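Heads up: the structure comes next, in structure tokens.
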Amino acid sequence: MSSDTITQKSAATAAAAVRPSMTLSGAARELDLKRGEFDLAVVLGRIRTVGDGAGGQRRVTREEIERVRGSEGFPESLRAGIRAVGTTEGAGLMDISPARFTRLARVGALTPVKFYLNRYRAVVWLYLAEELRQFAETETNAELLTGRLPGTLRARLEEGQDLRARNWRGRHADFLLRQSEDPWERVAAMASLLDPVQLAEIIRDPYERAYLNRLKPVPRTSGAPDSPVARIVERITTADDPDEIRWLRSSLLIGLVQARAQRPAPRPTQEPAPLAREPEPPVDAVIDASVQESRGLLKWLRRRRA
């Protein structure tokens, strides 16, 4: 083997080892996906992203691009797995009426995967076609697809129950926690689902609140801040169910204990005077009361899939 050949192979190996990662937009183009399809694939864990180490936008490695492109049936299998449908099309897939489909979604039997606002600012929920087919094919769900719904479900509907937003938040929280690679990021993920007033009650330290605000994932919306669209999105992305709020508050306190143990929140290098710090809620009591709940950090989020 000539020295030129050896040099060429070494150069190729070195180039492969240092191949740069790609932006999300670049990865979507590389995989021939629309940006909405790509984002949903990331949410569902079908495409893995990595942090850039500087708190910037996440990226996709060349190895991940090759893994996805080399998967069986690509790209048709990937597109089929991330296909999202609305109420009418989803009802058709399950061979039920749109009205029954909506009732099943309201009681939490079906979990939305994403939403958008139409031109009338009405919320349009979308569902994974793959999950709807699986639900319809499951024998234990047969009684929900025909005849009258069970009395317990009818009673909940009569009371006005609508779990679509809460179930979407559960799925969204699952995604945010999977993306979080740092204990402070995990706390920020949970904090992003709580009302700012409640957050201020839990976290009295202003520097910790400021740090979490910087780490919070920003919801993608086409509306300007404080616009009607932005307010609707904020309402959907903010926990309003009492059980959900209680779980988030308890989990947030436990997450804070873990994050503080690793490192404190950053503070100014020079402070004119120490800020008065209000007493924090008793963490030990919260941990004792919610230990079973905290062990199910992701189980609660995935309970809808059982």
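For the single chain, residues carry numbers from 1 onward in sequence order. Since the model is a prediction, treat every value here as computed from it, not as a measurement.
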Can you list the steps and then say if Arg35 with Leu24 is a side chain to side chain contact (heavy atoms under 4.5 Å, CB included)? CA-CA 8 Å; Arg35 185 55 193 268; Leu24 301 185; 3.6 Å; yes

Do Arg59 and Thr23 meet the criterion of a side-chain donor-acceptor pair at a distance under 3.5 Å? no

Can a donor-acceptor pair be found, under 3.5 Å and without considering hydrogens, that links the side chain of Ser71 to the backbone of Phe74? no

Is the closest side-chain heavy-atom distance between Leu149 and Val107 below 4.5 Å? no

Do Glu64 side-chain atoms and Thr61 backbone N/O form a donor-acceptor pair below 3.5 Å? no

Quick one: do Arg171 and Asp174 satisfy salt bridge (charged side-chain N to carboxylate O under 4.0 Å, His left out)? Show the steps, please. CA-CA 5 Å; Arg171 176 169 242 154; Asp174 190 1; over 6 Å; no

Can you get from Leu132 to Leu40 by hopping between Ile, Leu, Val, Met, Phe, Trp and Tyr side chains that sit under 4.5 Å apart? no

Report the C-alpha distance between Ile82 and Leu44 in whole Å, list the side-chain angles of each, state the deciding distance to 0.1 Å, and finish with yes or no for side chain to side chain contact (heavy atoms under 4.5 Å, CB included). CA-CA 8 Å; Ile82 61 175; Leu44 297 173; 4.0 Å; yes

Would you say that more than 12 heavy atoms from the other residues, nucleotides or ligands in this model lie under 6.0 Å from the CD of Glu234, or not? no

Rounded distance (nearest 0.5 Å) linking atom OH of Tyr211 with atom CD1 of Ile203: 12.5 Å

Under the side chain to side chain contact (heavy atoms under 4.5 Å, CB included) rule, what do Glu37 and Arg83 come out as? Steps first, then yes or no, please. CA-CA 8 Å; Glu37 293 176 327; Arg83 182 185 169 208; over 6 Å; no

Donor-acceptor pair, distance only, cut-off 3.5 Å: does the side chain of Asn141 make one with the backbone of Phe135? yes

Any side-chain heavy-atom pair from Arg79 and Asp32 closer than 4.5 angstrom? yes

Strictly distance-based, threshold 3.5 Å: is any side-chain N or O of Ser21 a donor or acceptor partner for the main-chain N or O of Val60? no

On a heavy-atom basis, the closest approach of Leu252 and Ala191 is CD1-N, 3.7 Å

Answer yes or no: is there a donor N or O on one side and an acceptor on the other, between the side chain of Asn213 and the main chain of Arg209, under 3.5 Å? yes

Heavy-atom closest pair (Gly36 atom, Lys114 atom, distance to 0.1 Å) is O-NZ, 4.3 Å

Going through the distances and angles, do Thr87 and Trp125 end up as a side chain to side chain contact (heavy atoms under 4.5 Å, CB included)? CA-CA 7 Å; Thr87 297; Trp125 297 103; 5.8 Å; no

Considering the options Thr238, Asp240, Thr237, Asp241, which one meets the side chain to side chain donor-acceptor pair (under 3.5 Å) requirement together with Arg169? Asp240

Interatomic distance, CG@Leu163 vs CZ@Arg156, rounded to 0.5 Å, equals 6.0 Å

Roughly how far, to the nearest 0.5 Å, is the CG atom of Asp195 from the CG atom of Leu248? 12.0 Å

Distance in Å, Leu194 CG paired with Glu201 CD, rounded so as to fall on 0.5 Å steps: 10.0 Å

What heavy-atom pair brings Arg214 and Pro266 nearest, and what distance separates the two atoms? NH2-CG, 3.5 Å

Tell me, with the steps shown, if Asp182 and Arg186 meet salt bridge (charged side-chain N to carboxylate O under 4.0 Å, His left out). CA-CA 6 Å; Asp182 175 86; Arg186 293 177 66 84; over 6 Å; no

Would you say that Trp184 contacts Leu256 through its side chain, given a criterion of any heavy-atom pair below 4.5 Å between the two side chains? yes

Is there side-chain contact between Val124 and Tyr116, with heavy atoms separated by less than 4.5 Å? yes

Show, in sequence, the C-alpha distance, side-chain angles and deciding distance for Arg103 and Asp162, and conclude whether the salt bridge (charged side-chain N to carboxylate O under 4.0 Å, His left out) test is met. CA-CA 9 Å; Arg103 289 196 294 270; Asp162 188 349; over 6 Å; no

same_hphob_cluster(Ile245, Leu212) at 4.5 Å side-chain heavy-atom cutoff: yes

What pair of heavy atoms forms the shortest contact from Ala91 to Phe101, and how long is it? N-CD1, 3.6 Å

Are the side chain of Arg69 and the backbone of Pro75 linked by a donor-acceptor contact shorter than 3.5 Å? no

Output yes when a side-chain donor or acceptor of Arg178 lies under 3.5 Å from a complementary backbone atom of Val43, and no otherwise. yes

So Arg46 and Leu78, do their side chains get closer than 4.5 Å, heavy atoms only? yes

Greater than 12 external heavy atoms within 6.0 Å of Asp226's CG: no

State whether the side chain of Ser192 and the backbone N or O of Ala189 hold a donor-acceptor pair below 3.5 Å, judged by distance alone. yes

Is it true that Leu145 and Leu157 fall in one hydrophobic cluster, defined by side-chain heavy atoms closer than 4.5 Å? yes

Please confirm whether the backbone N or O of Glu181 pairs with a side-chain atom of Glu185, one donor and one acceptor, at under 3.5 Å? yes

Minimum-distance pair of heavy atoms, taken over all atoms of Glu131 and Thr111: OE1-O, 4.2 Å

Is any side-chain heavy atom of Arg121 closer than 4.5 Å to a side-chain heavy atom of Pro228? yes

CD on Glu30 to CD on Glu66, rounded to 0.5 Å: 9.0 Å

Please say yes or no: joined through hydrophobic side-chain contacts below 4.5 Å, possibly via intermediate residues, are Leu128 and Trp168 part of one cluster? no

Contact between Ile96 and Leu104 at the side-chain level, heavy atoms closer than 4.5 Å - yes or no? yes

Decide yes or no on side chain to side chain donor-acceptor pair (under 3.5 Å) for Glu72 and Ser77, but give the supporting numbers first. CA-CA 7 Å; Glu72 185 177 356; Ser77 59; over 6 Å; no

Result for side-chain contact (heavy atoms from CB on, under 4.5 Å) between Val85 and one of Leu126, Leu93, Val113 points to Leu93

Trp247 and Leu176: same hydrophobic cluster, using ILVMFWY side-chain contacts below 4.5 Å? no

Between CD of Glu89 and OH of Tyr127, what distance do you get to the nearest 0.5 Å? 13.5 Å

I'd like to check Ile202 versus Glu208 (side-chain heavy atoms, cut-off strictly below 4.5 Å). Are they in contact? no

Do you know which two heavy atoms are closest between Ala239 and Glu244, and how far apart they sit? CB-CD, 3.5 Å

Counting only heavy atoms from other residues, nucleotides and ligands, does the tally under 6.0 Å from CZ of Arg263 exceed 12? yes

